[in-house]
Amino acid sequence: MDAGSQLWDAIVVGAGPAGCAAAYDLALAGQSVLLVDKKDFPRDKACAGGLTIKAVKTLRYSIEPVVRQVVRRVQLEGGNLSSSLKSRDPICVMTVRSELDEYCLGKTIEAGAHFRRIGALRQIACAKDAVQLITNGEIYRARFLIGADGASGQVRRMCAVGSWFSQGFALEVKTAMPPGEVDLTFDFAAVRDGYAWVFPKGDHLNVGVYAPSSDTGLTRNQLLSYVSQRVKTDTLDPGVGQYRGIGAGSSENEYVRPEMRDRVLLVGDAGGFADPLTGEGLFYAMKSGELLGKSLVEGCPEKYPAWVKASFSAELEFAARIVRRFYRGSFLGTTVTTRMVQLMRRSAVFRQLMGDIFSGTQDYTSLKHRLWGHLGVTVSDFVASVLNFEGPTAATAPRGSAGAD
């Protein structure tokens, strides 16, 4: 049967990690699934392509064939200071985003899903028994439509009520690998209210800048200036650098237009599922896709928002509350980010804490329970100040202890 005349169980718009995660489970369960994306898929994106170990464990299959580098050491910089996080276990793995997307799509097709490149999406219309996806000259019908085409995607623009989350912005460039070893690096002094990253990918570097708000005025010239100072190379790929909107916040399906809520569901950046503090979104893309797929397989899509809330909404809402304090706040007379690097240099326990955050094994909402009794007073006060926690009234530094340890 032709893809345009069939009534599909689900059509997924967007064949990236979020869309593939949802389609994979549906296809394995024997449901008819059509993945669609633009004609230029897979494409380069302003995405560093780093996956935390938590994100890797979310996948149903190994991504070893597309891993360019396993990261066990991360360099953090703030002001004129730097500190390294080292681990015997992987902190994250590096991929090229277009390669990751293509690989995940291949695995999803192996599971039984169908894929089609389509032209511009013109209209989405909901009827009582189906939703219609109308493109240039073609109409596709399904019981459910899954929007997985990003924060600036067509499904969200056509089906959502207003904009319920802020959008961060990233800009990146691909450059040749310079001589010598290059660490995965986050530089908090490079841009106002954000950070720069340097990610080694085996045969090249991915260098970019991220800001959690669109009003910081990131420009391509700023990025290229940073690259020339940092990487010391003239070998750039000018076709890679680009702006991308990044969803930052959390949502429930109440933000989809009322007449569409029974048929249209959003995952990944389209649903606002990205960390506004760091811009990290691959874990939330994969996890939201998994949860949505599970809800449709079990015949209870109405449970999807509650499952998202139980899984990670509190994390994203918490990050949204502290993002301004983290990038613009101060502690003991200097910026939060500079003080963070200082404390990492002084405290092995704090370095371990930061390493766990970077690997995804430590979430934001349970930090409070890890602070007191495990960290010294100075470090605990610092984290509590940034996170707006109140410490226990009886907390004191153990006699003879080093306050930052």
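The model shown is predicted, which means the values in this text are computed figures rather than measured ones.
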Examine distances only and state if a side-chain atom of [X] and a backbone atom of [Y] form a donor-acceptor pair shorter than 3.5 Å.
X    : Y    : result
S82  : E77  : no
R97  : G49  : no
T52  : A55  : yes
R73  : L184 : no
Y327 : L277 : yes
S347 : L343 : no
T337 : T335 : no
R351 : M344 : yes
S366 : Q362 : no
T361 : D356 : yes

Between [X] and [Y], which heavy-atom pair has the shortest distance, and what is it?
X    : Y    : result
V12  : A148 : CG1-CB, 4.2 Å
T338 : G79  : OG1-N, 3.5 Å
L296 : P301 : CD2-CB, 3.6 Å
L100 : P17  : CD2-CG, 4.5 Å
V33  : A23  : CG1-CB, 3.7 Å
A15  : L35  : CA-CD2, 4.0 Å

So [X] and [Y], would you call those rings parallel, tilted or perpendicular, with 30° and 60° as cut-offs?
X    : Y    : value
F115 : F41  : tilted
F326 : F188 : perpendicular
F312 : F273 : perpendicular

State plainly whether the residues [X] and [Y] are in salt-bridge range, i.e. N to O under 4.0 Å.
X    : Y    : result
R43  : D37  : yes
R328 : D193 : yes
R60  : D25  : yes

Whether over 12 other heavy atoms sit under 6.0 Å from [X] [atom1]:
X    : atom1 : answer
E298 : CD    : yes
K54  : NZ    : yes
E302 : CD    : yes
N136 : CG    : yes

Kindly determine whether Y103 and T95 satisfy side-chain contact (heavy atoms from CB on, under 4.5 Å), including the steps that lead there. CA-CA 11 Å; Y103 182 78; T95 69; over 6 Å; no
With sequence neighbours left out, the residues meeting side-chain contact (heavy atoms from CB on, under 4.5 Å) with V70 are V67, R72, P90, V93
Could you give the distance from [atom1] ([X]) to [atom2] ([Y]), rounded to the nearest 0.5 Å?
X    : Y    : atom1 : atom2 : answer
R157 : I124 : CZ    : CD1   : 10.0 Å
E110 : L105 : CD    : CG    : 10.0 Å
R141 : L133 : CZ    : CG    : 12.5 Å
T185 : F199 : OG1   : CZ    : 9.0 Å
L34  : I146 : CG    : CD1   : 11.0 Å
Q154 : Q123 : CD    : CD    : 12.5 Å

- Task: List the steps and the verdict of salt bridge (Lys or Arg N to Asp or Glu O under 4.0 Å) for K201 and E99.
- Result: CA-CA 12 Å; K201 300 289 187 71; E99 294 176 358; over 6 Å; no
Scan side-chain atoms only and decide if N206 and E172 contain a donor-acceptor pair under the 3.5 Å cut-off.
yes
**OP:** Evaluate the criterion side-chain contact (heavy atoms from CB on, under 4.5 Å) for residue pair L291 and Y304; output intermediate values, then yes/no.
**Re:** CA-CA 6 Å; L291 294 173; Y304 170 60; 4.2 Å; yes
Given the options R263, R261, R156, V256 meets side-chain contact (heavy atoms from CB on, under 4.5 Å) only with R261
Which of I118, V155, V264 passes side-chain contact (heavy atoms from CB on, under 4.5 Å) with V13? It is V155
Mind checking whether [X] and [Y] have side chains closer than 4.5 Å, heavy atoms only?
X    : Y    : answer
H204 : R68  : yes
R321 : F318 : yes
M260 : V131 : no
D275 : Y364 : yes
E259 : C126 : no
V66  : V96  : no

Does the side-chain contact (heavy atoms from CB on, under 4.5 Å) test come out yes or no for L85 and L76, once each step is laid out?
CA-CA 8 Å; L85 302 171; L76 267 67; 4.2 Å; yes
**Prompt:** Checking side-chain contact (heavy atoms from CB on, under 4.5 Å) for the pair L26/V297: CA distance, chi angles, key distance, verdict?
**Reply:** CA-CA 6 Å; L26 289 168; V297 166; 3.8 Å; yes
Residues passing the side-chain hydrogen bond (donor to acceptor under 3.5 Å, both in side chains) test with Q342, sequence neighbours excluded, are R339
